[in-house]
Amino acid sequence: MSPVLPTGSLRALRATFHAPVASFRDPLFPGITRILPVPPPSTVRGLLAAATGAYTEPFVFGMAAWSEGHGTDTETYHPIAADGSNQAIGGRVRAGKGGATAKDRPFLADVHLTLWLPEPDGDRFARALRRPRHALRLGRSQDLVHLTGLAQVLLEPAERAVVGHALAPVDGHDVPSAHEHRLADTVSADRLTTSWSPYLWCDEPVGKAPVRGAYREAPTDNEHPLKDTQAVWLLTP
């Protein structure tokens, strides 16, 4: 991942989504049901590839995400033995050692996602999101996500902006409360290769702060032209 360095204002599509339930398993902890607090960029690219029907979507975008709550559910796992000793019948395997077992699965509740897609890709994705080729999911196959809004906005280079819950490169700002997460940028079509990058993300919303390499939405309220607006870091695959 590398951020797009601002060189001037640009038009973009702002798309907002809501998922009642979502779960983003942290692949850096195999065998442990630990989840990430924010969807990785690779998950977002999968969401938009489902809308367009493409195998991959190596596009530039900015994002912000947060959830209203979290919890833990109990799920039954049906692992398939590599040697074929416990074959799945109707999607189920026998219980026992290495077979069906119940595990706790953490989840996020009421997940909110905002994407900024600069032109010319923005117009293409606006058409695809209105009539997606496949069901829109955020994470697992059962975690459906709903499109809640589309708007054309103007992004302008910024030195100060509201950091909020935006996903930023590690040098994007110096907010002390930000957490660093190593997230997947892209996953190859055969799922054998994954590219990773470190990102900054704030679990509590952060107000206006100095930012580097960022855009912000140009204010649209004529009565309050200096109104604080969201910082946006445009990220490449």
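From a predicted model like this one, the values you see are computed outputs, not experimental measurements. Count residues from 1 along the sequence.
A side-chain N or O of Trp116 and one of Glu217 form a donor-acceptor pair less than 3.5 Å apart. Ser42 and Thr186 share no side-chain donor-acceptor pair at under 3.5 Å.
Minimum interatomic distance between Ala12 and Gln152 (heavy atoms only, all atoms of both residues): O-OE1, 3.4 Å. Residues Trp196 and Asp185 share a closest heavy-atom pair of C-OD2, 3.6 Å. Summarising the geometry of Val163 relative to Ala209, their closest heavy-atom pair is CG2-CB, 4.0 Å, with the distance given to 0.1 Å. Residue Ala49 comes nearest to Tyr55 through the heavy atom pair CB-O, 4.4 Å, listed as atom of the first residue, atom of the second, then distance. The two residues Val38 and Ala65 come nearest to each other via the heavy atoms CG2-CB, 3.8 Å. Closest of all the heavy-atom pairs between Ala166 and Ala231 is CB-O, 3.7 Å.
Under a hydrophobic-cluster definition in which Ile, Leu, Val, Met, Phe, Trp and Tyr are linked whenever side-chain heavy atoms come within less than 4.5 Å, directly or via other members, Leu129 and Leu115 are assigned to the same cluster. Criterion: ILVMFWY side-chain heavy atoms under 4.5 Å apart, direct or through other members. Under it, Leu144 and Leu113 are not part of a common hydrophobic cluster. No chain of hydrophobic side-chain contacts below 4.5 Å, direct or via other Ile, Leu, Val, Met, Phe, Trp or Tyr residues, connects Leu154 to Leu13. When hydrophobic clusters are built by joining Ile, Leu, Val, Met, Phe, Trp and Tyr residues whose side-chain heavy atoms come closer than 4.5 Å, directly or via intermediates, Val187 is not grouped with Tyr199. Both Val175 and Met63 are assigned to one and the same hydrophobic cluster, defined by single-linkage of ILVMFWY side chains at heavy-atom distances under 4.5 Å.
For Glu68, the CD atom sits in a packed shell: over 12 heavy atoms of surrounding residues, nucleotides or ligands are nearer than 6.0 Å. Annotation: His70, atom NE2; neighbour count of heavy atoms from other residues, nucleotides and ligands within 6.0 Å does not exceed 12. The environment of Arg11 atom CZ is sparse: at most 12 non-hydrogen atoms of other residues, nucleotides or ligands sit within 6.0 angstrom.
With rounding to the nearest 0.5 angstrom, the CZ atom of Phe24 is 6.0 Å from the CG atom of Leu108. How far CZ of Arg133 is from OG1 of Thr52: 8.5 Å, rounded to the nearest 0.5 Å. Atom CG of Leu10 sits about 9.0 Å away from atom CD of Glu119, to the nearest 0.5 Å. Thr16 OG1 to His146 NE2: the interatomic distance, rounded to the nearest 0.5 Å, is 12.5 Å. Rounding to the nearest 0.5 Å gives a distance of 11.0 Å between CZ of Arg182 and CG of Asp26.
With hydrogens and angles ignored, the 3.5 Å screen pairs a side-chain donor or acceptor of Asp143 with a backbone N or O of Ser23. Side-chain N or O atoms of Trp201 include none that pairs as donor or acceptor with a backbone N or O of Trp66 at under 3.5 Å. For His165 (side chain) and Cys202 (main-chain N/O), a donor-acceptor pair under 3.5 Å exists by modelled atom type. Side-chain N or O atoms of Ser188 include one that pairs as donor or acceptor with a backbone N or O of Thr193 at under 3.5 Å.
Looking only at side-chain heavy atoms (C-beta outward), Val162 and Thr229 stay at 4.5 Å or farther from each other. Side-chain contact check for Leu234 versus Pro118: some heavy-atom pair is nearer than 4.5 Å. Between Arg14 and Leu150, the closest side-chain pair of non-hydrogen atoms is not below 4.5 Å. Contact annotation: the side chain of Pro37 never approaches that of Asp203 to less than 4.5 Å [non-hydrogen atoms, C-beta and beyond]. Residues Asp121 and Val60 fail the side-chain proximity criterion, which asks for heavy atoms closer than 4.5 Å. Put simply, the side chain of Pro198 does not reach to within 4.5 Å of the side chain of His181, judged on heavy atoms. Within the 4.5 Å cutoff, the side chain of Leu117 has heavy atoms near those of the Leu48 side chain. Under the 4.5 Å side-chain criterion, counting only non-hydrogen atoms from C-beta, Pro169 is in contact with Leu235.
Using a 30° and 60° split on the angle between ring planes, His112 and His18 fall in the tilted class, from 30° to 60°.
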- Query: Could you go step by step and tell me if Arg137 and Leu47 meet the side chain to side chain contact (heavy atoms under 4.5 Å, CB included) rule?
  - Reply: CA-CA 6 Å; Arg137 300 179 174 92; Leu47 163 68; over 6 Å; no

- Task: Give the intermediate values and the outcome of side chain to side chain contact (heavy atoms under 4.5 Å, CB included) for residues Leu183 and Leu167.
- Result: CA-CA 11 Å; Leu183 304 176; Leu167 198 65; 4.0 Å; yes

- Query: Hey, mind stepping through Arg216 and Glu156 against side chain to side chain contact (heavy atoms under 4.5 Å, CB included) and telling me if it holds?
  - Reply: CA-CA 6 Å; Arg216 71 167 191 161; Glu156 60 184 14; 2.9 Å; yes

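The aromatic ring centres of Phe125 and Phe61 sit 6.0 Å or more apart.
Cation-pi contact between Arg45 and Phe59: present, with separation from the ring centre below 6.0 Å and deviation from the ring axis of at most 45°.
With sequence neighbours left out, Ala214 forms a side-chain contact (heavy atoms from CB on, under 4.5 Å) with Val211, Trp233.
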